[in-house]
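Chain letters run A, B, ... following the sequence lines, proteins first, then strands; residues in each count from 1.
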Amino acid sequence: MATLLHKILEQKLQEAVSIVLGDAGAAALLVRPCPDPKFGDYQTNALMALAKARKMNPRQLAAEVAAKLDIAQWCEPVEVAGAGFLNFRLKPSALAQALREAADGRHLFFQKTSEPRCVIIDFSSPNAAKPMHVGHIRSTILGDALARVLRLLGHHVITDNHIGDWGTQFGKLLVGWKSHLDPERLRANPIEEMERLYKLVNAQCESDPQVLENARQELVKLQAGDEENLRLWREMIALSQTQFEWVYARLGVKFDYSLGESYYQPMLKKVVDELAERGLAQPSEGAMMVYFEDLPELKDHPAMVRKSDGGFNYTTTDLATLLFRWQGGTWSVRPNEIIYVTGAPQQLHFKQLFAVFRRWHSEAHVKLAHVWFGSVLGEGGKPFKTRSGETVRLEDLLDEAEERALKVVSAKNPDLDQAQRGEIARVVGLGAIKYADLAQNRQSDYVFSWDKMLALQGNTAPYLLYAYTRIRSIFRKGGESVTGGEGEFVLAAPEELALARHLLNFGLVLDAAAEDYRPNFLCEYLYELAGHFARFYENCPVLKSEEANRATRLGLCDVTARVLKQGLGVLGIETTEQM
RNA sequence: GCAUCCGUAGCUCAAUUGGAUAGAGCUUCUGACUUCGGAUCAGAAGGUUGGGGGUUCAAGUCCCUCCGGAUGCACCA
């Protein structure tokens, strides 16, 4: 049995409360780390809320619950403080036991959920026939990190890339492909050529209505199943897919499914027919609309599910997709939850989507979450563009990250051979980009800064990776005889205790990050962990210390390295032994 | 006009069911090197959390209002 102390405390608190209040009504009694170590290791403020709801004296309730708490095995006597806080102080033996278990590989301060859920995560979603750009990075990195966290916690995660492979852009692309295609350029760089064609025709459409009309007709033919157009479309999709896979491989991102918009086209008519039959959708100005008179937020924002020209739009496609997923897709498992990771501007769309679906299938017990995020801005707070005003290509961005990281590594560590430096630069560069994004509250707009993300100070990937390499260096230097330590942990120095206490909270933070879809909690935790380690490292010699201290300190180093590696790994960031 | 989101130190950002003294990094200043990797650590300075009102034992967080900004709002996705 793993000793996960905060879980034990929560359990015991629950038991004590039900003894005192005589019922199990106490929903979630959370125990969390104290904001200030002087109060203790863990606290709960839940009793104050509980007392309030029952019109009881909070301090008295806290005292009564404290009297029934059966935790002497792990804690010093509990204190009632302030308006009704309970403060817990761990016994050194409990701390030592948890660390010993972790050092022995029995756990890493977290446990898998007792209630695994099936969660579908929809993220990245680039448009076919266009290069992936910086706008896709947040969705991709955030979605991947969430998938990894949920999987680590034992959930059944299905990732699905809803590629934009059926939009109106294909009308223009078909016109371009048929009249301006340069086979040489297509061979050399298919995406660039398709982008060139699209831009060319798009510009022509501005000035020449005839070209626009041609594009419309090509689109209609494609959607009607014209063989020639379908063949060209498939070719374009295949070329795009190759590019996507290359970028995803570089980022270390994998999808279980990539069912694009086109996959759902055969289902769209039925969606609208059903909505119409059930009176949920009504005709208006030739289009089909769903109104939400009873929802104040959406009262003035009806959703369109069919255009006046008879065509369907993205709400229709998303409804079909949602139904398909809820019914178990091709994987035959009904999800408990579906998560969409997209930008903030789509909030209204998802509110409409979810509202329509709830009416359409009110029997569906599935949690629908729109995990939205802010924009990536350039320095100065304006949209992030290249000097010439173009959107930044994702591949160029990754290249530049590695180049910049290589310069730093080469300057700091010129002794390493070129191949090693290249590999370190890859890990550090990609890690820096991912971490800079994930470390931020996703809902804020994010100011992209090379200097900040590659800095060795502050809450950055290089700082964390450096902490990791310092630990690994100890074990390298100590030789093969040096393991993660043995025997009982004897924690004495304040830096040892602070590090140990912080290690214990890894699981709590993983849970919080998963619960709120916010990897920045985990980043914050890892940054603090690296800080605690740095202070420990500064003040507590490991290899040079005497045998008694040495075993404990080696153990702390080992466990810290494992939490760092696991924590970064679950953010999609690799580690490196040297840098 | 309607809706959503945001406003925290000079700058970039945190702040876990509303919780105890709002925290980091950068910048500035001051310290610690015969380094288990100094790509480090310690200390100082920096705040009326946009303004005002309200709820609460407790508000950056919830409610109202005003100011300022971003985004979206029927035939693009």
Side-chain angles (χ1 to χ4, degrees), chain A residues 27-30 32-36 38-39 43 45-46 48-49 51-52 58-59 81-85 87 125 127 164 166-169 261 284-289 296-309 311-315 317-318 343-349 351 372 374-375 379 381 408-409 411-413 439-441 443-447 449 451-452 455-460 462-463 465-467 469-470 472-478 508-509 511-513 515-516 518 520-521 523-524 527-528 531 534-535 537-545 553 557 578-579:
Chain A
L29 295 171
L30 299 185
R32 26 174 269 180
C34 284
D36 188 326
K38 80 180 182 196
F39 296 127
Q43 67 162 230
N45 57 40
M48 290 182 281
K52 183 166 201 162
R59 276 196 67 103
F85 294 92
N87 289 333
S125 313
N127 284 319
W166 198 250
T168 48
Q169 76 264 33
E261 292 170 348
S284 168
E285 298 173 32
M288 288 299 283
M289 307 295 297
E297 220 176 3
L298 296 177
K299 195 167 181 296
D300 297 325
H301 301 285
M304 179 178 290
V305 293
R306 196 179 68 204
K307 298 187 285 185
S308 58
D309 67 1
F312 304 107
N313 60 8
Y314 70 133
T315 300
T317 310
D318 280 356
Q346 295 198 44
Q347 285 176 91
L348 178 60
H349 168 66
K351 280 177 183 162
W372 57 269
S375 325
E379 308 202 35
V408 179
V409 174
K412 299 286 183 189
N413 229 333
Q440 197 129 185
N441 182 328
Q443 295 182 331
S444 317
D445 285 347
Y446 152 48
V447 178
S449 163
D451 291 340
K452 289 199 169 104
L456 287 311
Q457 304 88 359
N459 193 3
T460 66
Y463 178 79
L465 291 170
Y466 178 62
T469 61
R470 288 171 108 187
R472 299 306 306 156
S473 173
I474 289 174
F475 288 102
R476 256 200 317 280
K477 186 155 252 173
L508 193 128
V509 170
D511 287 343
E515 175 72 20
D516 291 344
R518 285 165 69 161
N520 66 307
F521 290 165
C523 295
E524 184 78 12
Y527 175 54
E528 285 171 2
R535 286 184 281 279
Y537 183 87
E538 199 78 13
N539 293 289
C540 305
V542 179
L543 294 175
K544 292 176 187 166
S545 64
R553 290 176 179 177
C557 286
Q578 299 179 65
M579 62 186 277

**Message:** Classify A:Phe85 by what it touches in the nucleic acid, base, sugar-phosphate, or nothing, heavy-atom distance under 4.0 Å.
**Reply:** base
**Request:** Using modelled atom types only, decide if a donor and an acceptor are shared between the side chain of A:Asn313 and the backbone of A:Met304 within a distance under 3.5 Å.
**Result:** yes
**Message:** Taking atom types as they are modelled, would you say the side chain of A:Asp318 forms a donor-acceptor pair with the base of B:rA77 within the 3.5 Å cutoff?
**Reply:** no
**Fill in**
A:Leu456 atom CG is separated from B:rG37 atom C1', nearest whole Å, by 12 Å
**Prompt:** At under 4.0 Å between heavy atoms, what does A:Ala512 touch on the DNA or RNA strands: base, sugar-phosphate, or nothing?
**Reply:** nothing
**Asked** Are any of A:Asn520's side-chain N or O atoms less than 4.0 Å away from OP1 or OP2 of B:rA15?
**Response** yes
**Message:** Regarding B:rA77, can its base be found pairing with the side chain of A:Ser125 as donor and acceptor, where the two atoms are less than 3.5 Å apart?
**Reply:** no
**Distance-only donor-acceptor test, A:Ser473 side-chain atoms vs B:rC36 base atoms, 3.5 Å** = no
**Prompt:** How does protein contact run along nucleotides 58-63 of chain B, one letter per nucleotide 5' to 3', with B for base contact, S for sugar-phosphate only, - for none, heavy atoms under 4.0 Å?
**Reply:** ------
**Message:** Any side-chain N or O of A:Lys452 below 4.0 angstrom from OP1/OP2 of B:rG25?
**Reply:** no
**Complete:** For RNA chain B, consecutive-pair runs of 3 or more (Watson-Crick or G-U wobble, both H-bond-type distances under 3.5 Å) give B:1-7 with B:67-73, B:10-13 with B:23-26, B:28-32 with B:40-44, B:50-54 with B:62-66
**Message:** Check this for me: does the side-chain of A:Tyr466 come within 3.5 Å of the base of B:rA39 through a donor and an acceptor?
**Reply:** no
**Prompt:** For A:Tyr537 and B:rC36, do the ring centres fall under 5.5 Å apart while the planes stay under 30° apart?
**Reply:** yes
**Request:** Could you tell me whether the side chain of A:Glu538 has a donor or acceptor atom within less than 3.5 Å of a complementary atom in the base of B:rA32?
**Result:** no
**Message:** Does A:Lys299 reach a base, just sugar-phosphate, or nothing at all? Heavy atoms under 4.0 Å.
**Reply:** nothing
**Asked** So what does A:Gln346 touch, heavy atoms closer than 4.0 Å: a base, only the sugar-phosphate, or nothing?
**Response** nothing
